[in-house]
Amino acid sequence: MTNIQLYSLGSPNGIKIPIALEEMGMAYDVHTVDILKGEQFADSFKKLNPNCKIPAIVDPQGPDGTPHSIMESGAILLYLAEKSGKLLPENPSERSEAIQWLFFQAANIGPMFGAFGHFHTYGKDNCDHPYPEARFATETQRLLGILNERLESHEYIVGHTYSIADISIFPWVIWLNMFYKAGNQLKLESFSHVMAWVNKCSSRPATIRGFEVYNFTEMGKT
């Protein structure tokens, strides 16, 4: 077996990996980890990711020629980019920028957008105080502003080249509107450069194929 083994689901973090694999032209086998059924806590998956979170992959031909498992979406994207030689700039300065924005997503976009989504979508059942949702809505808009300013002078997150930095971020922006239904509240359309970039990323043929692996756009309609 030489194909990458993908264990994921159609969430903003989970969909990044099939998008990257399609864009890189790498062969992979799909395994669905249904987090609503608690499958991420199975011992077999916990061996791949002790934190019991999707996504995870296993490369049957790892760095030393033996199977190698990787957890955390940012780490997986970086691993696959280095293995394939794609979606990561060769220029050292641009490579550094791409990795910085990859970490920016992991440290800021994911946690803040996710926290906003939780209180906006589910939190009202357990917390009737407006502060948590308002707090994370403000932070989400601040981060969108940073992206908007960046994309005002850049075609993609790093210059004119689509990279793992883009893949790490744009599914989260889609999720704000498609799943959390918060486009109006967050005034997403006011971040015009972000929205144009999301549309451009989403229209790439390989990215569309990546969406389809776990029915990303369909999940957002439920």
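We count residues from 1, following the sequence as given.
If you check the side chains of Trp101 and Asp166, you find no donor sitting under 3.5 Å from an acceptor. If you check the side chains of Lys16 and Gln105, you find a donor sitting under 3.5 Å from an acceptor. Under 3.5 Å, the side chains of Thr207 and Glu23 contain a donor-acceptor pair of N or O atoms. Ser11 and Asn13 share no side-chain donor-acceptor pair at under 3.5 Å.
Not a single donor-acceptor pair under 3.5 Å links the side chain of Gln40 to the backbone N or O of Cys52. Listed for the Asn108 side chain is a donor-acceptor partner under 3.5 Å among the backbone atoms of Phe104. Remark: the backbone N or O of Lys86 is paired with a side-chain donor or acceptor of Ser84 at under 3.5 angstrom. A distance-only check finds a donor-acceptor pair linking the side chain of Ser8 to the backbone of Gly14 [under 3.5 Å]. A donor-acceptor contact shorter than 3.5 Å links the side chain of Asn49 to the backbone of Lys53. Judged by distance alone, the side chain of Lys181 and the main-chain N or O of Met178 form a donor-acceptor pair under 3.5 Å. Between the side chain of Tyr28 and the backbone N or O of Leu21, no donor-acceptor pair lies under 3.5 Å. Side-chain N or O atoms of His129 include one that pairs as donor or acceptor with a backbone N or O of Tyr131 at under 3.5 Å. Using a distance-only test at 3.5 Å, with no hydrogens or angles considered, no donor-acceptor pair links the side chain of Thr121 to the main chain of His118. In terms of modelled atom types and a separation under 3.5 Å, the side chain of Ser96 and the main chain of Pro92 share no donor-acceptor contact.
In the hydrophobic clustering of ILVMFWY residues, with side-chain heavy atoms under 4.5 Å counting as a link, Met71 and Tyr7 come out apart. With hydrophobic clusters built from ILVMFWY side chains whose heavy atoms lie under 4.5 angstrom apart, Ile35 does not share a cluster with Phe41. Linking ILVMFWY residues whenever their side-chain heavy atoms come closer than 4.5 Å, directly or via other members, places Val30 and Ile76 in the same cluster. Hydrophobic clustering of Ile, Leu, Val, Met, Phe, Trp and Tyr side chains at less than 4.5 Å, counting indirect connections, keeps Ile208 apart from Ile15.
Counting heavy atoms from C-beta outward, Val213 and Ile17 have side chains that stay 4.5 Å or more apart. Using a 4.5 Å heavy-atom threshold, the side chains of Tyr214 and Ile54 count as separate. At a threshold of 4.5 Å between non-hydrogen side-chain atoms, the residues Val58 and Ile4 do not count as touching. Counting heavy atoms from C-beta outward, Leu80 and Met24 have side chains that approach closer than 4.5 Å. Counting only heavy atoms from C-beta outward, the side chains of Phe113 and Pro12 never approach each other to under 4.5 Å. Counting heavy atoms from C-beta on, the side chains of Pro171 and Phe216 come closer than 4.5 Å. Within the 4.5 Å cutoff, side-chain heavy atoms of Gln141 are placed close to those of Phe191. Side chains of Asn184 and Asn177 form no contact here, defined as non-hydrogen atoms less than 4.5 Å apart.
When every heavy atom of Ile167 is checked against every heavy atom of Ala20, the shortest pair comes out as CD1-CA, 4.0 Å. Nearest heavy atoms, Tyr79 versus Pro63: OH-CD, 3.6 Å. When all heavy atoms are compared, the tightest approach of Glu39 to Phe45 is O-CB, 4.0 Å. Nearest heavy atoms, Ala137 versus Leu186: O-CD2, 4.0 Å. The nearest pair of heavy atoms linking Val158 to Ser163 is CG2-OG, 4.5 Å.
Atom CD of Glu155 has more than 12 neighbouring heavy atoms from other residues, nucleotides or ligands inside a 6.0 Å radius. The environment of CG in Asn51 is crowded: more than 12 heavy-atom neighbours from other residues, nucleotides or ligands sit within 6.0 Å. Residue-environment remark: CG (Asp128) stays at or below the threshold of 12 foreign heavy atoms within 6.0 Å.
Of the candidates Lys83, Gln5, His68, Asp59 forms a side chain to side chain donor-acceptor pair (under 3.5 Å) with just one, namely Lys83.
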For Asp29 and Leu6, run side chain to side chain contact (heavy atoms under 4.5 Å, CB included): C-alpha distance rounded to whole Å, both residues' side-chain angles, the deciding distance at 0.1 Å, then the answer. CA-CA 6 Å; Asp29 296 322; Leu6 169 65; over 6 Å; no
Assess whether side chain to side chain contact (heavy atoms under 4.5 Å, CB included) is satisfied between Leu144 and Asn148, documenting all intermediate values. CA-CA 6 Å; Leu144 287 166; Asn148 204 58; over 6 Å; no
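Between Phe170 and Tyr162, the angle of the ring planes lies from 30° to 60°, which puts this pair in the tilted group. Aromatic ring pairs are classed by plane angle as parallel below 30°, tilted from 30° to 60° and perpendicular above 60°; the pair Tyr122 and Phe179 is tilted. The aromatic rings of His120 and Phe116 sit parallel, their planes meeting at an angle under 30°, below the 60° perpendicular limit.
Salt bridge Arg150/Glu97: present, at least one basic N to carboxylate O contact under 4.0 Å. Under the 4.0 Å criterion applied to side-chain N and carboxylate O atoms, Arg209 and Glu212 are not assigned as salt-bridge partners. Between Glu82 and Arg95 there is a salt bridge, with a side-chain nitrogen of the basic residue lying less than 4.0 Å from a carboxylate oxygen of the acidic one.
For the atom pair CD1 (Ile157) and CD1 (Ile164), the distance works out to 12.5 Å, reported to the nearest 0.5 Å. For the atom pair Ile99 CD1 and Leu78 CG, the distance stands at 5.5 Å (nearest 0.5 Å). Between the CD atom of Glu149 and the CG atom of Leu147 there is a distance of 10.5 Å, given to the nearest 0.5 Å. Between the CD1 atom in Ile146 and the CG atom in Leu151 there is a gap of 12.0 Å [rounded to 0.5 Å]. Between the CE atom in Met195 and the CD1 atom in Ile174 there is a gap of 8.5 Å [rounded to 0.5 Å]. The line from CZ of Arg204 to CG of Asn199 is 14.0 Å long, rounded to the nearest 0.5 Å.
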